[in-house]
Protein chains: 2
Amino acid sequence: MVARYERIAEELRDDILTGVHPVGSQLPTEAELATRYEAARGTVRQAVAVLVAEGLVGSRQGARRIVLGRARSQSFAELHSFAQWARANGHRFGGQVMGQRRRDASPVETARLGTDEVLEVLRLRTLECEPVLVERTVYAGWVAGAVEALPPSCESVTEALYDSIGLVFAYGEHLIDAVAAGAEDARLLGVRRGSPLLRQRRITTTHEGRPVEWSEDRYRAGSVVFSIRNSIDANPLVRQAGDLRFGA
Amino acid sequence: MVARYERIAEELRDDILTGVHPVGSQLPTEAELATRYEAARGTVRQAVAVLVAEGLVGSRQGARRIVLGRARSQSFAELHSFAQWARANGHRFGGQVMGQRRRDASPVETARLGTDEVLEVLRLRTLECEPVLVERTVYAGWVAGAVEALPPSCESVTEALYDSIGLVFAYGEHLIDAVAAGAEDARLLGVRRGSPLLRQRRITTTHEGRPVEWSEDRYRAGSVVFSIRNSIDANPLVRQAGDLRFGA
DNA sequence: TAAGGGAACTTGTACAAACAAGCGAGCACA
DNA sequence: TGTGCTCGCTTGTTTGTACAAGTTCCCTTA
């Protein structure tokens with residue numbers, strides 16, 4: 001059962017995408033939408049709030065809402081999982097484990113993941129058969145077994161872990177910056193040492209806030225771009241100085 | 001007059017920050033909070049929704065809400081304006097115009113900004129007296145005059161434009177990736193040519209959705225990091241393949 | 001012609017009530 | 001012992017109402 005406001009949001013999103021409400025135009029008023037969809041004003045407000053949060057619509061008190069853009073935000077899964085993102089966007093992709101070992105957690109890792117033992121995995125990911133991403137992931141001890149049981153060429157670790165032990169990745173914190181390719185990066189990605197890479201470091205947790213993994217992903221320059229929309233009201237992305245957290 | 005739900009959100013945020021509600025703990029139920037703050041449940045829900053959107057609190061139907069983290073999202077202004085971000089975070093900073101000229105808009109720029117004439121500005125920004133950012137901005141023709149009237153060492157263009165002509169930057173779209181430093185970048189930032197830079201391209205518009213500026217900012221590696229929190233429910237950041245939009 | 005004041009319109013805030021849906025603990029039964 | 005089910009708790013959805021606050025546009029007035 002999908003909520004009413006979600007269906008209304010979906011219809012409005014479609015109308016924006018198909019040009020019924022072109023970029024730059026005004027959205028109908030809440031009262032009009034309420035009449036059209038035979039819903040209470042509060043329900044319509046919830047629907048529009050979804051689009052505002054996605055950055056598609058701008059809103060401020062007293063003025064009619066305005067269509068800002070058409071691009072649609074992707075799901076958490078698509079940001080989190082390379083496989084799910086690539087699949088949703090129609091790319092050919094692959095993955096291969098290049099190395100894997102259990103070891104004791106460093107003090108930093110213990111603080112981050114809350115376990116004494118960790119599993120360290122090095123993966124290389126390809127897009128359209130080109131290597132684009134080096135993924136260095138450290139899993140908390142309590143999922144290590146399930147990860148080790150996966151085949152080395154497993155396409156989507158996220159999906160595989162859900163299937164095998166019902167693990168759901170629910171929350172993530174991401175840090176994004178640029179670094180120079182190290183010797184190993186360069187060899188794996190087929191670029192020169194020192195060439196620019198886009199780095200995404202992240203910690204992922206379950207619904208309960210229990211840390212599952214800590215990962216450092218390095219993308220070959222030009223292969224992927226992160227995109228965000230923000231407004232004076234809603235602002236999810238944050239800029240920080242230097243390497244404050246997450247260590248070196 | 002600050003809204004009730006915002007004051008409640010503020011108090012809850014403080015409680016999280018000061019450890020009254022530690023990371024990993026459960027937040028009080030809506031009913032408890034409603035009693036405590038003598039507000040309707042709906043108002044409390046609005047307050048908590050703010051914290052959920054900020055990524056501080058996780059929420060799902062049926063289960064008690066959980067505190068995920070303490071870091072606070074910064075405002076739109078702080079993401080958008082280097083000066084406002086630096087000031088809010090207690091950094092010493094500066095800026096200097098290195099070049100500026102009016103010219104006809106390219107076809108791409110006309111499509112983006114909606115004007116035939118543009119003003120191109122090259123700025124160098126410093127943090128703690130170190131050059132960290134090269135900013136190449138193209139302003140729409142209708143703000144060119146106001147921008148040219150600013151002093152070359154103007155610290156905050158955003159604030160200056162608001163003061164002089166009441167211009168409000170309201171919405172932004174950002175693309176983030178990594179590039180190699182060009183000859184000019186290298187000279188200005190004091191790094192070697194080809195060394196990694198974090199690139200942030202953005203378009204900013206007014207409340208009405210009217211484009212004001214198109215900018216490409218290049219940060220020296222290690223100087224700044226972009227940070228984001230997302231969840232299975234709320235996901236503002238998006239990953240894209242290659243250079244799809246915004247051209248080269 | 002330009003500035004100012006209002007009136008209509010539109011979005012934002014707050015409260016109240018009722019039901020739906022998911023979670024988790026405890027209990028009963030095999 | 002442990003499996004499954006039920007019941008209470010908690011969050012999610014929807015409607016209705018009333019008022020607050022900001023915008024926009026028109027009309028008056030200097």
Side-chain angles (χ1 to χ4, degrees), chain A residues 1-12 21 24-53 56-68 166-168 170-171 206-210 231-234, chain B residues 1-12 21 24-53 56-68 166-168 170-171 206-210 231-234:
Chain A
M1 180 53 188
V2 181
R4 199 133 154 65
Y5 78 89
E6 283 180 5
R7 284 203 308 264
I8 296 176
E10 183 64 34
E11 283 197 43
L12 285 173
H21 303 305
S25 71
Q26 294 184 332
L27 225 54
T29 66
E30 293 179 358
E32 281 179 79
L33 292 173
T35 306
R36 180 185 310 172
Y37 293 110
E38 292 178 332
R41 190 184 153 217
T43 307
V44 170
R45 280 182 67 76
Q46 271 187 97
V48 178
V50 172
L51 304 184
V52 171
L56 266 55
V57 170
S59 186
R60 65 186 169 134
Q61 186 174 141
R64 287 279 286 273
R65 277 183 260 255
I66 286 181
V67 179
L68 292 173
L167 180 65
V168 175
Y171 305 109
T206 64
H207 277 303
E208 292 78 30
R210 191 178 186 192
S231 81
I232 214 162
D233 297 317
Chain B
M1 179 52 188
V2 181
R4 199 126 148 68
Y5 78 90
E6 283 180 3
R7 284 202 307 264
I8 296 176
E10 182 65 33
E11 283 195 43
L12 285 173
H21 303 304
S25 71
Q26 292 185 335
L27 225 54
T29 66
E30 292 178 358
E32 281 180 80
L33 293 173
T35 306
R36 179 183 311 173
Y37 293 111
E38 291 179 331
R41 189 181 155 219
T43 307
V44 170
R45 279 182 67 78
Q46 255 181 298
V48 178
V50 172
L51 302 185
V52 171
L56 294 177
V57 169
S59 186
R60 66 186 169 134
Q61 189 174 133
R64 287 279 288 272
R65 277 183 260 255
I66 286 181
V67 178
L68 292 172
L167 180 65
V168 175
Y171 305 109
T206 64
H207 277 304
E208 292 77 32
R210 190 178 186 193
S231 82
I232 213 162
D233 298 315

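Note on naming: letters A, B, ... go to the chains in the order of the sequence lines (proteins, then strands), and numbering restarts at 1 for each one. Keep in mind that what you see is a predicted model, and the values were worked out from it rather than measured.
Listed pair B/Arg65 / C/dC23 fails the phosphate criterion, with no side-chain N or O lying under 4.0 Å from OP1 or OP2. One finds a side-chain N or O of B/Arg64 lying less than 4.0 angstrom from the OP1 or OP2 phosphate oxygen of D/dT10.
Contacts of B/Glu6 classified as side chain to side chain contact (heavy atoms under 4.5 Å, CB included), with partners at least two apart in sequence or in another chain: B/Val2, B/Ala3. Legend: residues meeting side chain to side chain donor-acceptor pair (under 3.5 Å) with A/Ser25, ordered by chain and number and at least two apart, are absent. Partners of B/Thr35 by side chain to side chain donor-acceptor pair (under 3.5 Å), not counting sequence neighbours: none found. Residues passing the side chain to side chain contact (heavy atoms under 4.5 Å, CB included) test with B/Glu32, sequence neighbours excluded: B/Pro28, B/Thr29, B/Arg64. By the side chain to side chain donor-acceptor pair (under 3.5 Å) test, B/Arg45 is found to be paired with B/Glu30, residues two or more places apart in sequence or in another chain being considered. Not counting sequence neighbours, A/Gln61 has no partner by the side chain to side chain contact (heavy atoms under 4.5 Å, CB included) test.
Summarising the geometry, the separation between OH on B/Tyr5 and C1' on D/dA20 is reported as 13 Å, rounded to the nearest angstrom. Atom CD1 in A/Ile8 sits roughly 8 Å away from atom P in D/dT14 (whole-Å rounding). Per the geometry, CG belonging to A/Leu27 stands 12 Å off P belonging to C/dG12, to the nearest Å. One interatomic measurement links the two molecules: CD of B/Gln26 to P of C/dC23, which rounds to 14 Å at whole-angstrom precision.
Residues from residues 28-46 of chain B placing a heavy atom under 4.0 Å of any atom in DNA chain D, listed by number, are B/Thr29, B/Glu30, B/Arg41, B/Arg45.
Nearest to the side chain of B/Arg60, among C/dT13, D/dT23, C/dG24, sits C/dG24. When the nucleotides D/dT14, D/dT13, D/dA20 are ranked by their closest atom to the side chain of A/Gln61, D/dA20 comes out on top.
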Give each protein N/O atom lying under 3.5 Å from an N/O atom of nucleotides 3-8 of chain D, with the pair distance.
none

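Put simply, the side chain of A/Arg4 gets close to the backbone of A/Tyr37: a donor and an acceptor are under 3.5 Å apart.
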Criterion side chain to side chain contact (heavy atoms under 4.5 Å, CB included) on B/Leu56 and B/Leu12, from CA distance to verdict: CA-CA 10 Å; B/Leu56 294 177; B/Leu12 285 173; over 6 Å; no
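Between B/Thr43 atom OG1 and B/Arg7 atom CZ the span is 11.0 Å, to the nearest 0.5 Å.
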